[in-house]
Amino acid sequence: MKWSETYIPTLREEPTEAEIISHKLLVRAGYIRKLAAGVYNYLPLMQKVLLKITQIVREEMDRAGAQEILMPVLHPAELWLATKRWETVGKELMKMKDRHLRDLVLGGTHEEVVTHLIRGELRSYRQLPLNLYQIQTKFRDEIRPRFGLMRSREFIMKDAYTFDADENGLKTSYQKMVDAYFRIFERCGLETKKVESDTGAMGGKAAHEFMVMVETDGGENVIFACDNCDYAANIEKAISIEPSERESKEAEKPLQKVSTPNMKTVEEVTGFLNVPARKLVKTLLYKADGEVIAALIRGDRQINETKLKNSLKVIELEMADAVTVQRITEAQVGYAGPVGLKGVKLIGDKEVLNLTNFVTGANEDGFHLTDVNIDRDFKLDAVADIRSATLDELCPKCEKGRLKTAKGIEVGNTFMLGTKYSEALNATFVDEHGQEKFFIMGSYGVGITRTAQAAVEKFHDEGGIIWPVPIAPYLAEIVPVNFQDEKQRETALEIYHKMQDKNLEVLLDDRNERAGVKFNDADLIGIPLRITIGEKSLKEGKVEVKVRGSQATVSLRKDEVLEGFLKILSEIESTGKESTKT
RNA sequence: CGGGGUGUAGCGCAGCCUGGUAGCGCACAUGGUUUGGGACCAUGCUGUCGGAGGUUCAAAUCCUCUCACCCCGACCA
């Protein structure tokens, strides 16, 4: 393709709409343009990248025995009502009405539709397992779309669904998908880490996320990984086990009420009373499916709402508003405590059990209690792991290593769903004993658009994008320094046509721009190899090949360009593969 | 949803406080000189000042409403 015949609107200046580097680069390099908040146009270069990724995904899905289908984007509300996800997915579900005012959903995932599809027609265990997938635009009404394609309201996803006769079948199907996912991302030039995750509104038994680890701001997810074993989980899931260092069991002291005027935060109270934050217990009031509950957690810890939600088995969980807090505690926000709190279920974090003589709010403006003790002063209704894991805490799996944190971009996820959807939609088959049984399902997603941006977040420099070879929009860009010069133009066209004849994807910068503009644009759009044709080397019958992201250039005789080019290409492809394995 | 901010040419911005001819840079067009890392000269084109209403002789500017977009928050009592 000639630059003059395609559409690559590069920008000299950084776009103001973008915050993270990959978003800035995709806009600047002419890959994407925004239409509305979280809604993007994919320009020619982007479309090429997306097609490369979908092709890899397709090949690996097919290899894993999945069948490609295409389901509707538009779903009737009834299906979503049947599985209760009309409520549980809640506001993230993109809803609309047709002219008859019937409710419709723009699909963000297709468990309901695929289950409805096979219901009644997939009847025998002999037809199992079955794996159906599609690659399609999805919709999610994100609370706050941001970071370009990372969190958008409309995006492209590959979603696959497996149907099995029993749990062992699901395990096998699941493992096949996991293996396929590692292959997909490796082929895209991306090393991924598989981490345990919460199942959330998706439901089911177990779930994993595939993360591209990055050190930039684009890494939205915090993950914990053991430095000794293979345990890895995201922050919502990472399990905290019993604290290794138990608090010394000092003798219980008598309860005291102390004046703490205008001290509301943990820092203010602990600073004033001169006690460490770990000796204070925060009392956090929540509305859990409409009922007010209190969560107790150490002052130096973060509550984990996902864990709290799961331990309470509720769908909606939100912090109680100030009015509710005042009604329950009869005090301003900042003075809540478990002692004497009435009509509210108390959930304590496991760690709180180890505390003696701690500080809490007094449920009275300007007062806290010191030397509070569980059982003597109040009783807990439940104890659970409801805090977020912290750096260096003991690994819950091997109990030897320490948990380290890292940032990742979630590019894929896998869910062992079980029978949640088949039961809700009454999808059954007949097993070998003639028994009606619910399908055991699994669901598997790959964010195609997000994978593309993750690659940019991972591979770039000051000059622009550095695409991994397998997903680059073009393999090579030919840059004649001066396209007006007849010799340069002829050489450029000759090489261009030779490469096209060999089906090598090549971009020829035929614009009448100065060399600097063309070099900068070449760096920006990130094509792996640049073939430079200039006056000096052309006098010796040579052209230069430069690898994007490295300073080295190789001079090649122009009649050897093709062979030399292919050699360099195979070299960088193999180094790329090695680096993804480390 | 709460808080903050921004909407002026394709892009980036100034002008608004203190009402009175709508500007700058880039881009774009034409001609010329140039051509190995974002050239230069000349000429030219480009606007319902986000929208609606109001105040005024007069509104980009002041007031009211509204829409869109961006950032922070929506767990740390």
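Chain naming here is simple, since letters A, B, ... match the order of the sequence lines and numbering starts at 1 in each.
Rounded to an integer number of Å, the gap from A/Lys24 NZ to B/G12 C1' is 14 Å. Between the NZ atom of A/Lys34 and the P atom of B/C11 there is a distance of 11 Å, given to the nearest Å. The CD atom of A/Glu19 sits 14 Å away from the C1' atom of B/U6 (whole-angstrom rounding). Between the P atom of B/C71 and the CG atom of A/Asp217 lies a distance of 13 Å, rounded to the nearest Å. Per the geometry, OH belonging to A/Tyr286 stands 7 Å off P belonging to B/C75, to the nearest Å. In this structure, A/Ile20 places its CD1 atom 14 Å from P of B/C70, rounding to the nearest Å. Straight-line distance from the CD atom of A/Glu318 to the C1' atom of B/G73: 15 Å, rounded to whole Å. Nucleotide B/C75 holds its C1' atom 9 Å from the CG atom of A/Asn304, rounded to whole Å.
For the C1' atoms, the distance from B/U6 to B/A60 is 15 Å, rounded to whole Å. Between B/G23 and B/C16, the distance separating the two P atoms is 15 Å to the nearest Å. Comparing the P positions of B/G50 and B/A68 gives a spacing of 16 Å, expressed to the nearest Å. Here the separation of B/U48 from B/A39, taken at their P atoms, is 31 Å to the nearest Å. Straight-line distance between the C1' atoms of B/G51 and B/C69: roughly 15 Å, to the nearest whole Å. B/C24 and B/U46: their C1' atoms are spaced 14 Å apart (whole Å). Only the P atoms considered, B/U61 is 9 Å distant from B/C49, to the nearest whole Å. Separation of the C1' atoms belonging to B/G53 and B/G20 is 23 Å when rounded to the nearest angstrom.
A cation-pi arrangement is not found for A/Lys138 relative to A/Phe155, the charged atom failing to lie both closer than 6.0 Å to the ring centre and inside a 45° cone about the ring normal. Judged by a 6.0 Å distance limit and a 45° cone about the ring axis, A/Lys404 is not positioned over the six-membered ring of A/Phe224. A cation-pi geometry, defined here as NZ or CZ lying under 6.0 Å from the six-membered ring centre and within 45° of its normal, holds between A/Lys95 and A/Trp86.
Across all strands shown, B/A42 pairs with B/U30; the Watson-Crick or G-U wobble distances both stay below 3.5 Å. Remark: B/U35 base-pairs with no nucleotide; criterion is Watson-Crick or G-U wobble with both hydrogen-bond distances under 3.5 Å. Checking B/G25 for Watson-Crick or G-U wobble geometry (two distances, each under 3.5 Å) identifies B/C11 as its partner. Of the nucleotides present, none pairs with B/U55 by Watson-Crick or G-U wobble criteria with both distances under 3.5 Å. In this entry B/G73 has B/C1 as its Watson-Crick or G-U wobble partner, both defining distances falling under 3.5 Å. With both pairing distances under 3.5 Å, B/A68 is matched to B/U6 as a Watson-Crick or G-U wobble pair.
If you check every strand for non-hydrogen atoms under 4.0 Å, A/Leu308 touches nothing. Note on A/Arg28: a base of the nucleic acid sits closer than 4.0 angstrom, heavy atoms only. Nucleic acid contact for A/Val479: none, since no nucleic acid atom lies under 4.0 Å from a heavy atom of the residue. Within 4.0 Å (heavy atoms only), A/Ala37 reaches sugar-phosphate atoms of the nucleic acid but no base atom. A/Val266 comes within contact range of the sugar-phosphate backbone alone, with a heavy-atom separation under 4.0 Å but no base atom that close. Residue A/Ile297 is classed as having no contact, given no heavy-atom separation below 4.0 Å to the nucleic acid.
Within the 3.5 Å criterion, the main-chain N or O of A/Gln484 finds a donor-acceptor partner in the side chain of A/Arg489. Looking only at distances, a side-chain donor or acceptor of A/Asn304 sits under 3.5 Å from a matching main-chain atom of A/Ile235.
Looking at A/Thr137 and A/Glu154, their side chains never bring a donor and an acceptor atom within 3.5 Å of each other. Using modelled atom types, one finds a donor on one side chain and an acceptor on the other under 3.5 Å when comparing A/Asp521 with A/Thr10.
Between A/Trp467 and A/Tyr31, the angle of the ring planes lies from 30° to 60°, which puts this pair in the tilted group.
Taking for each of A/Pro15 and A/Thr265 the nucleotide of RNA chain B with the nearest heavy atom, the 5'-most of the two is the partner of A/Pro15. Position along RNA chain B of the nearest nucleotide to A/Ala18 versus A/Glu267 favours A/Ala18 as the more 5'-ward residue.
When each of B/G12, B/A74, B/C70 is scored by its nearest atom to the side-chain atoms of A/Arg144, the top-ranked nucleotide is B/A74. For A/Ile303, counting side-chain heavy atoms from C-beta on, the closest listed nucleotide (B/C75, B/A39, B/C70) is B/C75. Checked against B/G37, B/C75, B/G25, the side chain of A/Asp523 finds its nearest nucleotide in B/G37.
Heavy atoms of other residues, nucleotides or ligands lying less than 6.0 angstrom from CD of A/Glu142 number more than 12.
Using a cutoff of 4.0 Å between basic side-chain nitrogens and carboxylate oxygens, A/Arg557 and A/Glu560 are scored as salt-bridged.
Using a 4.0 Å cut-off, no side-chain N or O of A/Lys309 falls inside it from OP1 or OP2 of B/C75.
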| task | List the protein contact pattern of nucleotides 27-36 of chain B with one symbol per nucleotide (5' to 3'): B for base contact, S for sugar-phosphate-only contact, - for none; contact means a heavy-atom distance under 4.0 Å. | result | S------BBB

